[in-house]
There are 2 protein chains.
Amino acid sequence: MRTTRAGLADVARRAGVSPATASRVLSGSGPASPASRAAVLAAAEQLDYRPHPVARQLAGGSGSRVVFAVRDERADILRDPFVTRATAAMAAALLPYAMGVALRHVGLDCAADLDELAGDRGLAALVLAGHDRAMPAALPPRLRGRTAVIGAGGADVDSAAGVGVLLTHLYLLGRRRIALIAGPAWLAASAAPVAAYRELTRSAGLPARIVRGDFTSARGRVAARAVLRRWPDTDAIATVSDATALGALQALAGLGIRVPDDVAVTGFDDVPLASAVSPALSTATHPVEEIAAAAVRSALGEVVPVTLFPSSPVFRATA
Amino acid sequence: MRTTRAGLADVARRAGVSPATASRVLSGSGPASPASRAAVLAAAEQLDYRPHPVARQLAGGSGSRVVFAVRDERADILRDPFVTRATAAMAAALLPYAMGVALRHVGLDCAADLDELAGDRGLAALVLAGHDRAMPAALPPRLRGRTAVIGAGGADVDSAAGVGVLLTHLYLLGRRRIALIAGPAWLAASAAPVAAYRELTRSAGLPARIVRGDFTSARGRVAARAVLRRWPDTDAIATVSDATALGALQALAGLGIRVPDDVAVTGFDDVPLASAVSPALSTATHPVEEIAAAAVRSALGEVVPVTLFPSSPVFRATA
DNA sequence: CTGTTAGCGCATTCAC
DNA sequence: GTGAATGCGCTAACAG
């Protein structure tokens, strides 16, 4: 049993080449003859060589961790199901990179926080969520090229299409007075669903009933009550988050309104327990794991195709 | 504007001491005279010095990331609400350490995986969840002292007391035929709640009705149906996970059984949406953020008091 | 208590 | 295509 792990020097020696050559073939960059390439690979195999991630990061100057910065008014956004799920997904995606993710909250006015992050030499990349339209352009120079964004303009779900399908479904169900509990106005990602809603209601000749929410169920309760107070004949409520939808369901239950008989409800995101509530929530499911992984890879400099991720409707009991 | 960040050498030069002394005071370890300490601190302040985490980790040989390994039969345990929440909490707790967390699943038989982790020189610490009783003792030597465990024997919630309070509550509600949907038998953390249940039913002269579940709502549905088939007069179902409880609620709804009138139900953990379902779930809330932070700190070698974290009942609508 | 001397393990200039 | 130096930024061992 070897007491200490084989290093690059050991591999090089065994392969009969210099450490530089060994480094070139093992790190995949730089020229190398087929012969020495094979020798190095074989030696690495035999010695069970594993590069030392930290040394590699120091020498390469790349930093060792990804920071996931979530912008929101509330600090407890870090407990939001979407945030925890995305964080876990990044943590899983970073495993093969020998890196990890750190999580932090930043307020709506976060220029100073971003500057601080820009000065962190241990930072490999930054993933940002909760941005508004102006932020990506206002990033500190040092962060440029190593920042990815989750939501509008970055790794994003096709929320316009997703909400569109849900709204269409409600329409086909015979609903004609559909309200939307939208996301907060300061959030860039809020725009697409609202646009989709406006477009569909306009073209179908339906009234537009929009109320702002956030991503909490408490706000969903309040918003649903507001909707029914203002437009008592509402027969469907679409939302842009499951938490909001569940809050709305509670409000409706409290008002003695039957779901979906009197009012249909749709969520968005398909949180883990959306299928486990009763009535089970109709919503749209999103590949959050893939989105988070794409964001991480993009932030780390890989070129990932900038496609919108699909939003697939899941029709359960509430709509 | 300085084009490159101040390094330790710059600080030392400005403070009129050697880099070694500067390192000693800035890293907090090693002796230093009050005079040079003050000088170094002042210089660091003026230069806005930030240590380079990666260099520090390389020189110190400490590794740069924490791996959270979750042991379970299913690979999609990584999407479990508790796991994602704990992962996010660790990611947040690691921010000040300039480290990050990576997430990985390991199967029930994970000796090989642990060996592989032991060979990773970038690993600062390991946090393990889903262990059985034998695992902590069977850890590879290299992992010793830098591994912490979440659940029985490590950073754990006082689940015996927590379940005990819930059961007592059910008893005080007049329930006398209380079933328990327990955790999987291979899990060390499953033991305490079962013991508490057995103790309480025995001392109160109640029948013991135990069924095994896991942490999915699907299994909760099945288990609840099994309970009612086997003991049709059951008037309460206690569980050890909210997902299980929500599954049970669905099963009961499907059978036309009223909650809590006919059968009361309790969950465990207070997932974000437990309060947002209707009927709202009675459960116990746990400081997962603190637990995860304690696990991380412990794994990194800090001495954290080994206390059980409190389990606080939250009585809502289902019990 | 302090400075000097060596590395930590690898990537990357350069010459050859 | 290859090897010999040099450096990444800091900590740790030693001698003073």
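By convention in this document, chain letters (A, B, ...) are assigned in the order of the sequence lines, proteins followed by strands, and residues within each chain are numbered from 1. Here the structure is a predicted model, which means the values were calculated and not measured.
- We find that CD of Q57(B) is positioned 17 Å from C1' of dA12(D), with the value rounded to whole Å.
- Taking only side-chain nitrogens and oxygens, S36(B) comes nearer than 4.0 Å to OP1 or OP2 of dT2(C).
- At a threshold of 4.0 angstrom between heavy atoms, the contacts of P19(A) with the nucleic acid are absent.
- Taking the side chain as every heavy atom from C-beta outward, W186(A) and L108(A) approach each other to under 4.5 Å.
- Of the side-chain N and O atoms in S33(A), none sit less than 4.0 angstrom from OP1 or OP2 of dG1(D).
- As judged by a 4.0 angstrom heavy-atom cut-off over every strand, V54(A) is placed among residues making no nucleic acid contact.
- Nearest nucleotide to the L58(A) side chain, out of dG1(D), dG9(C), dC1(C): dG9(C).
- Taking 4.5 Å as the limit, every side-chain heavy atom of H105(A) sits out of range of all side-chain heavy atoms of V70(A).
- Contact of the P310(A) side chain with the P287(A) side chain is registered, since non-hydrogen atoms from C-beta on lie closer than 4.5 Å.
- Taking for each of A20(B) and A55(B) the nucleotide of DNA chain D with the nearest heavy atom, the 5'-most of the two is the partner of A55(B).
- Among the protein residues, G7(A) comes within range of the sugar-phosphate backbone only, with heavy atoms under 4.0 Å from sugar or phosphate atoms but none that close to a base.
- With dG3(D), dC10(C), dT4(C) as the candidates, the nucleotide lying closest to the side chain of S18(A) is dG3(D).
- A donor-acceptor contact under 3.5 Å is not formed by the side chain of R5(B) with the base of dG9(D).
- Put simply, T21(B) has a side-chain N or O that comes within less than 4.0 Å of OP1 or OP2 on dG3(C).
- Side-chain atoms of R121(B) lie closest to dG9(C) of the nucleotides dT2(D), dT2(C), dG9(C).
- Under 4.0 angstrom from either OP1 or OP2 of dT11(D) there lies at least one side-chain N or O belonging to R56(B).
- Note: CZ (R13(B)) to P (dG9(D)) measures 13 Å, nearest angstrom.
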Worksheet entry | Worked verdict on R65(B) versus D120(B) for salt bridge (charged side-chain N to carboxylate O under 4.0 Å, His left out) | CA-CA 10 Å; R65(B) 66 195 212 287; D120(B) 182 344; 2.7 Å; yes
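- S23(A) comes within 4.0 angstrom of a base, heavy atoms only.
- Distances shorter than 4.0 Å separate some side-chain N or O of Y49(B) from OP1 or OP2 on dC10(D).
- As rounded to whole Å, 13 Å separates atom P of dA12(D) from atom CG of L26(B).
- For CD of E302(A), the number of neighbouring non-hydrogen atoms (other residues, nucleotides, ligands) closer than 6.0 Å is greater than 12.
- Residue L8(A) has its side chain nearest to dC10(C) when only dG3(D), dC10(D), dC10(C) are considered.
- Comparing dT2(C), dC8(D), dC10(D) against the side chain of R24(B) picks out dT2(C) as the nearest.
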